Protein chains: 2
Amino acid sequence: MSPRMTSPTENFIEQMGLMTQAEGGPRIAGQILGYLIVEGEPRTLAQMTEALKISKASASTNARLLELKGSVRRVSPMGQRQDAYEALDFPNLAVIRALGERFRAHADTMTEIGAGFPESHAGARERVTRFAEFYRKTADFIDDWTAKLAEDPDLAATDRDDPR
Amino acid sequence: MSPRMTSPTENFIEQMGLMTQAEGGPRIAGQILGYLIVEGEPRTLAQMTEALKISKASASTNARLLELKGSVRRVSPMGQRQDAYEALDFPNLAVIRALGERFRAHADTMTEIGAGFPESHAGARERVTRFAEFYRKTADFIDDWTAKLAEDPDLAATDRDDPR
DNA sequence: CAAACTGTTCAATCCTTATTGAACACGCCG
DNA sequence: CGGCGTGTTCAATAAGGATTGAACAGTTTG
């Protein structure tokens with residue numbers, strides 16, 4: 001029975017894939033991000049396909065997706081023909097930012113719909129509006145958080161003297 | 001060309017479904033929640049199947065899912081044979097709470113994996129750990145927010161004199 | 001007790017999205 | 001120019017979940 005020993009690296013990459021999937025994204029995107037985090041230096045698409053056993057198409061598509069979401073950046077040193085990608089310092093910051101934006105969008109549409117309820121449905125309008133405001137406030141809150149992180153990245157790092 | 005006039009109610013319910021789907025949940029769960037928010041009072045499974053044109057199975061399953069997630073509560077007044085559900089005051093509070101819990105779970109697994117990296121991969125370990133800590137801090141932040149909301153629900157309501 | 005009613009479970013179906021293989025486009029090199 | 005290396009696009013396939021219909025279990029009613 002094949003020992004199926006999984007190294008920390010393999011384990012991390014696998015979990016990154018599952019986690020990303022749990023959050024509604026493509027599994028492979030998470031795996032690529034995990035791979036880049038472990039490696040710590042730029043890696044080419046070819047290296048990804050090799051390391052993760054995925055198709056060229058997936059590597060290309062998902063790497064660009066990560067770049068779009070802001071978790072990863074494309075680098076291309078002179079004299080290097082292949083595209084390479086590397087993980088940003090705080091790849092998950094982008095995820096949180098996107099979350100806030102999504103919530104704000106939800107708040108906007110809900111607010112608009114709420115305003116459409118006629119006086120005869122004042123109760124429903126009230127409840128819908130309240131619902132929308134909740135999302136807006138949460139979006140504001142998340143924005144504060146990401147802004148704080150952006151200006152003081154150490155907040156997100158492990159700190160020895162927890163200043164709680 | 002059928003006028004396809006959509007009332008605010010229909011529109012709201014539809015958008016709730018799409019929004020929920022966008023967040024990775026079942027569309028019907030969102031629709032049910034939307035329906036209950038608009039109605040403002042308990043509604044039975046039969047009423048849901050009728051109003052939303054969904055199967056009995058979906059109504060049952062998704063209503064219980066919402067209950068489990070804490071967006072909705074089951075009520076059964078005496079002399080009432082059917083189960084009924086009603087939306088809680090701040091249904092989306094549960095969503096945010098769940099988000100925080102999920103992030104904390106992510107943080108835990110990542111931290112554990114990070115600890116498994118040997119000294120020879122100190123760099124990778126550092127990066128993985130940092131990644132985990134980011135999620136943990138974010139989870140803490142979200143917990144603070146939900147706690148604040150729980151003790152002072154008006155925060156989530158529309159306020160006329162924005163105390164920003 | 002039998003019939004009617006209600007909620008749950010579960011296997012089958014449907015739908016959406018992720019993933020892939022193959023064709024394509026572009027640039028470089030000989 | 002003609003071939004090679006590389007990244008992207010796109011139609012087709014695969015995979016994963018949501019949704020449903022039908023069977024089931026439990027309760028109430030007459």
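Residue numbering restarts at 1 for every chain, and letters A, B, ... go by the order of the sequence lines. As a basis for the values below, the full set of heavy atoms in this structure was taken, side chains included, without hydrogen atoms, waters or symmetry mates. The structure displayed is predicted, hence computed values, not measured ones.
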Item to check | For I28(B) against S58(B), the heavy-atom pair lying closest together | outcome: CD1-OG, 3.7 Å
Checklist entry - Side-chain contact, heavy-atom cut-off 4.5 Å: V38(A) with F117(B)? => result yes
Checklist entry - Taking atom P of dA18(D) as reference, at what distance in whole Å does atom CG of L18(B) sit? => result 15 Å
Next on the checklist: Taking the side chain as everything from C-beta on, heavy atoms only, tell me whether Q15(B) gets closer than 4.5 Å to F12(B).
Outcome noted: no
Item to check | Non-hydrogen atoms of P118(A) and P8(B) that approach each other most closely | outcome: CD-CG, 4.4 Å
Next on the checklist: Contact between R64(A) and R74(A) at the side-chain level, heavy atoms closer than 4.5 Å - yes or no?
Outcome noted: yes
Item to check | Separation of dG7(C) C1' from Y85(B) OH (nearest whole Å) | outcome: 8 Å
Item to check | Those residues of residues 21-30 of chain A lying under 4.0 Å from DNA chain C by at least one heavy atom | outcome: P26(A), R27(A), I28(A)
Item to check | Pairwise 5' ranking along DNA chain D for S58(B) and Q82(A), keeping only the more 5' one | outcome: Q82(A)
Next on the checklist: Quick one, Y85(A) and L66(A) - any side-chain contact, counting heavy atoms below 4.5 Å?
Outcome noted: no
Checklist outcome for this item: Protein-proximity profile, nucleotides 22-30 of chain D, B/S/- by nucleotide at the 4.0 Å heavy-atom cutoff, equals -----BSS-
Checklist entry - Is there a donor-acceptor contact under 3.5 Å from the side chain of T49(B) to the main chain of A46(B)? => result yes
Item to check | Distance in angstrom units between E50(B) CD and dT6(C) C1', rounded | outcome: 17 Å
Checklist entry - To the nearest angstrom, how far is Q47(A) atom CD from dG5(D) atom P? => result 17 Å
Checklist entry - When the nearest nucleotide of DNA chain D is assigned to A84(A) and to I54(B) on a heavy-atom basis, which residue is associated with the more 5' position? => result A84(A)
Checklist entry - What is the distance from CD of E67(A) to C1' of dT8(D), rounded to the nearest Å? => result 13 Å
Next on the checklist: Rounded to whole Å, please give me the gap between CD in Q80(B) and P in dC5(C).
Outcome noted: 15 Å
Item to check | Whether Y135(A) and H106(A) hold their rings parallel, tilted or perpendicular, with breakpoints at 30° and 60° | outcome: perpendicular
Item to check | Distance in angstrom units between K53(A) NZ and dG21(C) P, rounded | outcome: 14 Å
Checklist entry - For the pair made of CG in L45(A) and P in dT20(C), what is the distance, rounded to whole Å? => result 14 Å
Checklist entry - Under 4.0 Å: is that the gap between some side-chain N or O of S55(A) and OP1 or OP2 of dT20(C)? => result yes
Next on the checklist: As a quick check of understanding, evaluate side chain to side chain contact (heavy atoms under 4.5 Å, CB included) for D140(A) and R104(A), giving each step before the final call.
Outcome noted: CA-CA 8 Å; D140(A) 288 348; R104(A) 192 173 304 282; 3.1 Å; yes
